[in-house]
Amino acid sequence: MGFNENVWALTKKIPKGKVTTYKEIAKALNTKAYRAVGTALKKNPYAPQVPCHRVINSNGSIGGYKGKMNSKEKIRLLKKEGLEIKNDKVNLKRYIYNFSSSKR
DNA sequence: GCTTTGACTCTCG
DNA sequence: TCGAGAGCCAAAG
């Protein structure tokens with residue numbers, strides 16, 4: 001298991017209608033490589049398997065997608081997932097997914 | 001092998 | 001609230 005594989009594994013664990021942040025993923029991996037998480041997702045070989053569009057910034061903004069920032073396409077996908085997008089931002093407190101919660 | 005960049009985040013001003 | 005700077009890890013050049 002490499003660093004990127006952990007990122008992809010956690011991203012795949014995100015249920016539909018939920019989102020997570022790069023910081024949470026990095027924290028779940030017990031590291032501070034927020035940027036490495038984004039780098040790994042960008043390079044993910046499991047493109048359709050890894051819902052990278054469910055991974056957003058810690059401030060609730062969409063972040064990047066398809067190589068551009070604040071991609072409306074990502075917002076559309078999240079809205080179709082059942083999330084509420086306000087001002088190009090997701091309700092973190094409402095749709096955030098905690099990996100620790102899944103462990104219980 | 002070292003340097004630069006990047007789908008990030010936090011802090012200071 | 002917005003803007004700039006520093007910190008973090010990994011991949012690419």
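Since we're looking at a predicted model, the values are computed, not measured. Chain naming here is simple, since letters A, B, ... match the order of the sequence lines and numbering starts at 1 in each.
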So A:A36, base contact, sugar-phosphate only, or nothing? Heavy-atom distance under 4.0 Å. base

task = Go through the steps to decide whether A:F99 and A:Y97 satisfy the test ring pair (Phe, Tyr, Trp, His ring centres under 6.0 Å), and finish with yes or no.
result = CA-CA 6 Å; A:F99 298 103; A:Y97 172 75; 5.4 Å; yes

Task: A:V7-A:V55 co-clustered via ILVMFWY side chain contacts under 4.5 Å - done: yes

Exactly one of A:K18, A:K16, A:R54 clears side chain to side chain donor-acceptor pair (under 3.5 Å) with A:E81, and that residue is A:R54

Whole-Å distance, A:I96 CD1 to B:dT9 C1', equals 14 Å

Among B:dA7, C:dC9, B:dT9, the one nearest any side-chain atom of A:R35 is C:dC9

* Counting any heavy atom closer than 4.0 Å, what does A:Y22 reach on the DNA or RNA strands: base, sugar-phosphate only, or nothing? -> base

A:K23 atom NZ is separated from B:dC8 atom C1', nearest whole Å, by 11 Å

At under 4.0 Å, does any side-chain N or O of A:N57 touch on OP1 or OP2 of B:dA7? no

Rounded to whole Å, NZ of A:K74 lies from C1' of B:dC8 at a distance of 12 Å

ILVMFWY cluster, A:F3 and A:W8 together (side-chain gap under 4.5 Å):
yes

Whole-Å distance, A:N30 CG to C:dA10 P, equals 12 Å

Identify every side-chain donor-acceptor pair in residues 34-48 of chain A under 3.5 Å, counting partners at least two apart or on other chains, and give the distances.
unit_1	atom_1	unit_2	atom_2	d
A:T39	OG1	A:R35	O	2.8
A:N44	OD1	A:A47	N	3.2
A:N44	ND2	A:L41	O	2.6

Taken to the nearest whole Å, OH/A:Y34 to C1'/B:dC10 is 8 Å

Atom NZ of A:K32 and atom P of C:dC8 are separated, to the nearest Å, by 7 Å

Atom CG of A:L77 and atom P of B:dA7 are separated, to the nearest Å, by 18 Å

Ordered by number, residues from residues 37-54 of chain A within less than 4.0 Å of DNA chain C (heavy atoms) are A:T39, A:K43

Report yes or no: do A:L83 and A:L77 belong to one cluster of Ile/Leu/Val/Met/Phe/Trp/Tyr joined by side chain heavy-atom distances under 4.5 Å? no

Salt bridge (Lys or Arg N to Asp or Glu O under 4.0 Å) test vs A:E84 passes for just one of A:K79, A:K89, A:R94, namely A:R94

From CZ of A:F3 across to C1' of C:dC8 the rounded distance in Å is 10 Å

